[in-house]
Protein chains: 2
Amino acid sequence: MTSELQGRVRPVEVDRTSPVPLYFQVATRLQELIEKGEIGVGARIENEVDLAERLGVSRPTTRRAIQYLVERGMLVRKRGVGTQVVHPKVRRPVELSSLYDDLVAGDRAPRTEVLRLEVMPAPDLIANGLEVAPGTPVTWIERLRYAAGEPLALMHNAIPIDVLPLTREDLAAHGLYELLRRNGLTPRIATQVIGARSATSAEAKILDEKRNASLLTMTRTAWDAGGRALEYGSHVYRASRYSFELNLSAG
Amino acid sequence: MTSELQGRVRPVEVDRTSPVPLYFQVATRLQELIEKGEIGVGARIENEVDLAERLGVSRPTTRRAIQYLVERGMLVRKRGVGTQVVHPKVRRPVELSSLYDDLVAGDRAPRTEVLRLEVMPAPDLIANGLEVAPGTPVTWIERLRYAAGEPLALMHNAIPIDVLPLTREDLAAHGLYELLRRNGLTPRIATQVIGARSATSAEAKILDEKRNASLLTMTRTAWDAGGRALEYGSHVYRASRYSFELNLSAG
DNA sequence: GTCAATACTTTGTCATGACAAACTCCAGGA
DNA sequence: TCCTGGAGTTTGTCATGACAAAGTATTGAC
């Protein structure tokens, strides 16, 4: 007898008048129950068939809801056994958010200084990163990002001009990704390279570090769902103040 | 008239005697066609209904195959429009592989020197990383990894002893993840932190770098599908020779 | 008592059918 | 000419039904 709290997942109900898909309603409700600990780690949830019947939805719908949570690393399914909770919070596959969003979320009072903002034809390196023809006009941005009053990162970006017009005011007040999203542009896929190197004297000065201090470097290209390149970025971060956290999940 | 090469995706056929699921057969076949360029970037693939009918499978099966490729970033679907190729190769969500595997794949002739191998009770830091009780016995490993004859990384790992027994010979000849997989242990979920710092003099010496050279640091905990912690690692890489590449995809 | 065969449970795969929602395109009217 | 409305296309969601495969538990033979 594997002692688990099975059964009684109580008030999971669906609203058929809502425009929110049923499978998503079920997934969200289950996720809440797990995050609140009402279904503890290691506990088995009801089997698909019973759960479907109790909720008054079909088994494929229930299955899809569970699958959604399995992909996020909360649940594990085993044929012949059942579905178990393995982790109480969502392990997001990987955040595709901007530094600014992360800092706001972490309550670290970000501030942005726009050092440069101009339109120029893309040089080869950038055109290559964006997968566009060399010479394509892009907005070139250099920004200094502060957190909690201290400089944190020196950021360089190129955005094709037909993607989004940008102003100093916008960039000073908001993160780049926030501006993209606000214009209906959602980054979906990105390739990143993360490395490290010593600061040049110019970088050390602007970031308030010693010469040769270690910096984290990150270059990224981001595309939207339609495969259009939205952004190329080449950034350096003070390694003493910043690191990347990633949650990976692999099939 | 959006000029695209539509139609004629020719010989996609399924084998119902195979134990490989039909949806996976279809997905694999489509992926091949796209990777080979027989369906070019920007081209629309056949709509689900027709494709299903032509292959003699049901629409849900076809849908699942397409969904599989959508999640990998090759295809994009739009309601009322169709399904388009946006990228000719799979953008894997993120590789959960070991350095050794990567080096082998990159033909960089890896070699491993085992500096230390012992069983010890987990100190707090490691127990915390593995999410086990402090004092739980773990195998502690220190390895120096070479690529192309040069030192590349200094690697520290802790593996709970009930996960896997390890020998110097195994570790010298194989990557840790390969050893795990060989024993039926598949890392599924991991959390990583990537940062940078300057080399200590001991690290500089062993890695053949100058003092204060920049190093990339990575700490990782990996779990299997059952939520069991398999491995905790804390590694330093020569930033002059190594960087992390990530492909992200976010919903 | 131990071990192997059997029954049962639970998830995995697949088919068929139906309607809804988002988008494109064309025709018709202002 | 512009733009509005509707028809057509294509993906999104959901239901029902069926069988297969992989575990677990039970039963029965030795």
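Every chain is numbered from 1 and lettered A, B, ... according to where its sequence line falls, protein lines coming before strand lines. Keep in mind it's a predicted model, so treat the numbers as computed, not measured.
Ring centroid separation for the pair B:Y68 and B:F24 comes in under the 6.0 Å cut-off.
Between B:R79 atom CZ and D:dC14 atom P the separation is 11 Å, expressed in whole Å. Rounded to whole Å, atom C1' of D:dT13 lies 17 Å from atom CD of A:Q67. Regarding B:L75, its CG atom lies at a distance of 16 Å from the P atom of D:dT10, rounded to whole Å. For A:E46 and C:dT10, the CD to P distance is 10 Å, given to the nearest whole Å. Atom pair A:D15:CG and D:dC14:P shows a separation of 12 Å (rounding to whole Å applied). In this structure, B:E48 places its CD atom 17 Å from P of C:dG17, rounding to the nearest Å. Residue B:L51 contributes atom CG, which lies 9 Å from atom P of D:dT11 at whole-angstrom precision. Going from atom CG of A:L22 over to atom C1' of C:dC19 covers 13 Å, rounded to whole Å.
Residue B:R16 places at least one side-chain N or O closer than 4.0 Å to OP1 or OP2 of C:dA15. Contact annotation: A:Y23 reaches the phosphate of D:dT13 (side-chain N/O to OP1 or OP2, under 4.0 Å). Phosphate proximity of C:dT13 to B:T61: absent, as no side-chain N or O sits under 4.0 Å from OP1 or OP2. At least one side-chain nitrogen or oxygen of B:R77 sits closer than 4.0 Å to the OP1 or OP2 atom of D:dG12. Within the structure, a side-chain polar atom (N or O) of A:T83 is placed less than 4.0 Å from OP1 or OP2 of C:dT11. Note on A:R63: every side-chain N or O is 4.0 Å or more away from OP1 and OP2 of C:dT11.
Listed candidates were D:dA15, C:dA15, D:dG12. Nearest to the side chain of A:V57 is D:dA15. Ranking D:dT11, C:dT24, D:dA15 by closeness to the B:V81 side chain, first place goes to C:dT24. Set against D:dG12, C:dA15, D:dT10, the side chain of B:N47 has D:dT10 as its closest nucleotide.
When each of A:G82 and A:P60 is assigned the nucleotide of DNA chain C bearing its nearest heavy atom, the one mapping closer to the 5' terminus is A:G82. Comparing A:P21 and A:G80 by the nucleotide of DNA chain D whose heavy atom lies nearest to each, the residue mapping closer to the 5' end is A:P21.
The backbone N or O of A:G129 lies less than 3.5 Å from a partner atom in the side chain of A:T221, making a donor-acceptor pair. Side chain of A:H235 to backbone of A:T219: no donor-acceptor contact under 3.5 angstrom is found.
For a distance-only test at 3.5 Å, the side chain of B:R64 fails to qualify as a donor-acceptor partner of the base of C:dG12.
With respect to A:I159, the side-chain contact (heavy atoms from CB on, under 4.5 Å) criterion is satisfied by exactly one of A:V119, A:L130, A:I141: A:I141.
Ion pairing between a basic and an acidic side chain is recognised when a charged N comes within 4.0 Å of a carboxylate O; B:R77 and B:E48 show such pairing.
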